[in-house]
Asks: 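A single structure is presented below for examination.
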Amino acid sequence: MLNKPQKAIPLFDCKTTQEVIGQQKFLDAFKTILDHGGYCQGPETRELDTALANYAGSKYCATNGSGTDALTLTLMAWGIGAGDAVFVSSFTFVASAECVTINGATPIFIDSDPNTFNMDVKDLERAIAEVKAEGKLTPKVIIPVDIFGSPCDYDEIMNIAKKYNLKVLADSCQSFGSVYKGKRAGSIADATATSFYPTKPLGGYGDGGAAFTNSEEDNELIKSCRVHGMSPQDHYDNIRIGMTGRMNSFQAAVLLQKLTVFDDELVKRAKVASRYDNELDSYFGKQKILDNCKSAYALYTITCEDRDELMSYLKERGIPCGAYYPRPVNTQTAYAKWNTRSLPVCEKLSKTVLSIPMTPYLDDEQLDYVIGCMNEFATNKKNKAA
Ligand SMILES: *Cc1c(COP(=O)(O)O)cnc(C)c1O
């Protein structure tokens, strides 16, 4: 067995940033909120709206209580509901599809590309044709998911959307900070949702999310829906159905601090990924990042035919890892009635993917060890097969 590094290896690291920024900065910001008393959607959230819109290169940003809120509120603002078909990746976290069902619309699950693990655009077109031929639902929205932080093929997806007159809501909950051909996540699709759950690339210390758009009208609708459909003129008149989807000021204060080191952390994540890309044995499949694109590396995910065995092998050696996602959304109990299409790539991925430690602060000793153990596993397998 290889020598274990002194420092434990985390799968995610939400804490080190506090030392990098200095914990006092957070405490000072919290004290300001305790003093001014605007706890829900206070001045910090408005400052964050602007900072995030500027960062993403989007005209508008509305902060929300979570990534799920951002997805749900955007569909609500677009008036998506019963009788509407929404095309969504199945190889994702459940919230990508939940925002559809919660609004009463029908999710149509799309298969994955075996290389990028993102929405397969050929299968997307096939699904649109199927829904049109059946004639029961109206195709309305495509929800591509930037899985593990890697941007989808937006040129292709936006072309398909244009051809069939659909809107695109990018689920960039894992990919804030990613770049698609010079454009940052948040500025590419008709609207984009992101999440600031602690383990996401820009993670808060609690739940948070944001919805981005270049449309002033959509932004106003999202902002109204996140406070129960309130009229901007008369706060006691709710002019549409909404929900509670606000961000609290404490979370906004955390994120304003974390934004100051975010670019540096993205560079550090990319360095970790580049070591894995270059040094991991070719026995493992690697997620393809599209040309001229940058992943935000929410996770670094490989594929391996003996995934479960590799997972035990790594855990025995003190290396945390996780299978994201072991069940595609279409196969989950609550989604059984929408499990209408065969998604072979998605099914295969759910049995072979493994996410390995990815944090900006992994040092060389830790990375040497992770890579060493992975490659040892690969060598043993190849020797046995020979
Ligand atoms: C995390 C995540 C969400 C939901 O975000 P929350 O902030 O946890 O509500 C949605 N979609 C994807 C792909 C995610 O990874």
Side-chain angles (χ1 to χ4, degrees), residues 11-12 14 45 48 52 61-76 86-103 107 109-110 112 116-119 141-152 154 157 168-178 185-186 188-189 191-212 222 226 243-248 250-252 254-255 258 269 287 295-301 322-330 332 334-335 346 349-350 353 355 358:
L11 181 58
F12 303 106
C14 308
T45 63
L48 184 63
L52 292 172
C61 168
T63 44
N64 301 124
S66 67
T68 308
D69 282 357
L71 289 162
T72 305
L73 287 163
T74 303
L75 293 183
M76 220 176 248
V86 178
F87 303 88
V88 57
S89 288
S90 190
F91 186 64
T92 181
F93 181 61
V94 63
S96 310
E98 189 182 36
C99 63
V100 179
T101 53
I102 232 171
N103 276 299
F109 289 107
I110 309 299
S112 315
T116 64
F117 312 162
N118 281 332
M119 181 178 268
V141 178
I142 305 169
I143 303 183
V145 183
D146 301 331
I147 205 73
F148 309 134
S150 173
C152 295
Y154 284 103
I157 290 166
V168 178
L169 166 57
D171 180 343
S172 299
C173 283
Q174 300 182 0
S175 64
F176 193 66
S178 70
I188 307 159
T192 301
T194 199
S195 165
F196 306 117
Y197 184 76
T199 58
K200 311 282 171 154
L202 180 62
Y205 292 132
D207 284 305
F212 298 85
I222 291 167
R226 78 179 169 186
M243 57 187 250
T244 308
R246 292 176 293 247
M247 177 180 279
N248 73 66
F250 291 95
Q251 225 39 256
V254 168
L255 290 164
K258 290 196 75 176
R269 281 176 187 274
Q287 183 185 20
S295 175
Y297 290 109
L299 287 166
Y300 190 93
T301 305
Y324 302 104
Y325 293 91
R327 285 185 77 147
V329 183
N330 65 296
Q332 296 180 23
Y335 290 81
C346 183
L349 284 173
S350 66
V353 284
S355 300
M358 167 51 80

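First listed ligand is number 1; within each ligand, the first listed atom is number 1.
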Asks: Main chain of R327, side chain of Q332: is a donor-acceptor contact present, judged purely on distance under 3.5 Å?
Replies: yes

Asks: For the side-chain hydrogen bond (donor to acceptor under 3.5 Å, both in side chains) test, which of S89, S175, S295 pairs with D146?
Replies: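 So, applying the side-chain hydrogen bond (donor to acceptor under 3.5 Å, both in side chains) to D146 and each of S89, S175, S295, only S175 qualifies.
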
Asks: Taking C-beta and beyond as the side chain, do L75 and I143 meet within less than 4.5 Å on heavy atoms?
Replies: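 They are in contact (side-chain heavy atoms under 4.5 Å apart), so the answer is yes.
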
Asks: Can you list the residues that meet the side-chain hydrogen bond (donor to acceptor under 3.5 Å, both in side chains) rule with T63, with sequence neighbours excluded?
Replies: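 Expected list: D49.
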
Asks: So F148 and Y325, would you call those rings parallel, tilted or perpendicular, with 30° and 60° as cut-offs?
Replies: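 Ring orientation, 0 to 90° scale: parallel.
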
Asks: Just by distance, do the side chain of S150 and the backbone of I147 share a donor-acceptor pair under 3.5 Å?
Replies: no

Asks: Pairs of nitrogen or oxygen atoms, one from ligand 1 and one from the protein, closer than 3.5 Å: please tabulate them with distances.
Replies:
{"from": "ligand 1", "atom 1": "5 (O)", "to": "S195", "atom 2": "OG", "distance (Å)": "3.4"}
{"from": "ligand 1", "atom 1": "7 (O)", "to": "G67", "atom 2": "N", "distance (Å)": "2.8"}
{"from": "ligand 1", "atom 1": "7 (O)", "to": "S195", "atom 2": "OG", "distance (Å)": "2.7"}
{"from": "ligand 1", "atom 1": "9 (O)", "to": "G67", "atom 2": "N", "distance (Å)": "3.4"}
{"from": "ligand 1", "atom 1": "9 (O)", "to": "T68", "atom 2": "N", "distance (Å)": "2.9"}
{"from": "ligand 1", "atom 1": "9 (O)", "to": "T68", "atom 2": "OG1", "distance (Å)": "2.5"}
{"from": "ligand 1", "atom 1": "11 (N)", "to": "D171", "atom 2": "OD1", "distance (Å)": "3.3"}
{"from": "ligand 1", "atom 1": "11 (N)", "to": "D171", "atom 2": "OD2", "distance (Å)": "2.8"}
{"from": "ligand 1", "atom 1": "15 (O)", "to": "Q174", "atom 2": "NE2", "distance (Å)": "2.8"}
{"from": "ligand 1", "atom 1": "15 (O)", "to": "K200", "atom 2": "NZ", "distance (Å)": "2.7"}

